[in-house]
Amino acid sequence: MLTRTGGYALHAALAIAEMGADGRSVRAHEIAEALDLPGNYLAKILHSLSRTGLLVSERGRHGGFRLARDPAEIRLIEVVAGFDALGRERQCLLGRGTCSDAGGCPAHREWKEASAPAFRFFETRTLADLMRSPR
């Protein structure tokens, strides 16, 4: 459902929410180490999240990344939207492009019903919801 990049973005945003809960900025290398992700790849994701306004990027000795808003105000769909088309359009399960009611593939109706709860999850859950969930 999520691309690898979308998943990394979600993991990184959650890590920043948790590691920076005291308001401090979290350095990219700290996040990469904690999540065991390639640093250069993660840096591109973090800068992309900064450009969308979800993260604040700070330079300097005590720089790093922090959430631009409270975790309870950041829906998961916002985090992955720049990397995945969740909520905007549904990809065809059979690889025939964008899924639509007009001219759908043989699996369209069932795929639409099966994937709807996942789309709703991303639209209604926040980073704070994930922070409260048991590991």
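Below, all heavy atoms of this structure are taken into account, side chains as well, without hydrogens, waters or symmetry copies. All figures in this text were calculated on a predicted structure; none of them were measured in a lab. This chain uses plain numbering: 1 for the first residue, then up along the sequence.
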Q: Around atom CD of E110, are there more than 12 heavy atoms from other residues, nucleotides or ligands closer than 6.0 Å?
A: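 Open.
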Q: Are the side chains of T124 and F119 in contact, using a 4.5 Å heavy-atom criterion?
A: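 Answer no - side chains too far apart.
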Q: May I ask you to say whether E78 pairs ionically with R69, meaning some side-chain N is under 4.0 Å from a carboxylate O?
A: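 Yes, this pair counts.
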Q: Taking all heavy atoms of L35 and all of A15, pick out the closest pair and write down the distance.
A: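 Here L35 and A15 meet closest at CD1-CB, 4.2 Å.
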Q: Can a salt bridge be assigned to the pair E58 and R66 using a cut-off of 4.0 Å between side-chain N and carboxylate O?
A: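 Yes, charged N to carboxylate O under 4.0 Å.
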Q: Would you say the side chain of R125 lies within less than 4.5 Å of the side chain of R75, judging by non-hydrogen atoms?
A: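 The answer is no; the side chains never approach within 4.5 Å.
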Q: State, to 0.1 Å, how close G63 and R27 come at their nearest heavy-atom pair, and which atoms those are.
A: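 For G63 versus R27, the nearest heavy atoms are O-CG, 3.5 Å.
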Q: Does a side-chain heavy-atom distance below 4.5 Å link V56 with F65?
A: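 V56 does not reach F65 side chain to side chain.
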Q: Using 0.5 Å steps for rounding, measure from the CD atom of E30 to the OG atom of S25.
A: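 These two atoms lie 10.0 Å from each other.
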Q: If every non-hydrogen atom of R4 is compared with every non-hydrogen atom of Y41, which pair is closest and at what distance?
A: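 Taking R4 first and Y41 second, the nearest heavy atoms are C-OH, 4.5 Å.
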Q: As a test of understanding, state which of L49, L127, V26 forms a side-chain contact (heavy atoms from CB on, under 4.5 Å) with L67.
A: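 Going through the options one by one, the only one that passes is L127.
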Q: What do the steps show when you test L37 against I31 for side-chain contact (heavy atoms from CB on, under 4.5 Å), and what is the final call?
A: CA-CA 8 Å; L37 298 177; I31 302 163; 5.7 Å; no
Q: Quick check: do F83 and I45 have side-chain heavy atoms less than 4.5 Å from each other?
A: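 F83 vs I45: side chains touch.
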Q: Looking at NE2 of H47 and CZ of R51, how far apart are the two atoms once the value is rounded to the nearest 0.5 Å?
A: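 Here the rounded value is 8.0 Å.
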Q: So does E73 have more than 12 non-hydrogen atoms from other groups sitting under 6.0 Å from CD?
A: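 Enclosed: over 12 neighbouring heavy atoms sit under 6.0 Å from CD of E73.
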Q: Work out which heavy atom in G53 is nearest to a heavy atom in A68; give both atom names and the distance.
A: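 Looking at all heavy atoms of both residues, the closest pair is O-CB, 3.1 Å.
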Q: What's the shortest heavy-atom distance between F121 and L76, and which atoms?
A: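 Where F121 meets L76 most closely, the heavy atoms are CE2-CD1, 3.6 Å.
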Q: How many angstroms lie between CG in L10 and CD1 in I77, if you round to the nearest 0.5 Å?
A: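 One finds 10.5 Å between CG of L10 and CD1 of I77.
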Q: Check for a donor-acceptor pair, side chain of D84 on one end and backbone N or O of T3 on the other, with a separation under 3.5 Å.
A: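 Yes, D84 side chain to T3 backbone: donor-acceptor pair under 3.5 Å.
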Q: Looking at CD of E33 and CG of L42, how far apart are the two atoms once the value is rounded to the nearest 0.5 Å?
A: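 The CG atom of L42 is 12.0 Å from CD of E33, to the nearest 0.5 Å.
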Q: Determine yes or no for a side-chain-to-main-chain donor-acceptor pair under 3.5 angstrom, with D129 supplying the side chain and T126 the backbone.
A: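 Answer holds: yes.
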Q: Looking only at non-hydrogen atoms, find the nearest pair between A13 and V79 and report the distance.
A: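 So the two residues come closest at CB-CG1, 3.9 Å.
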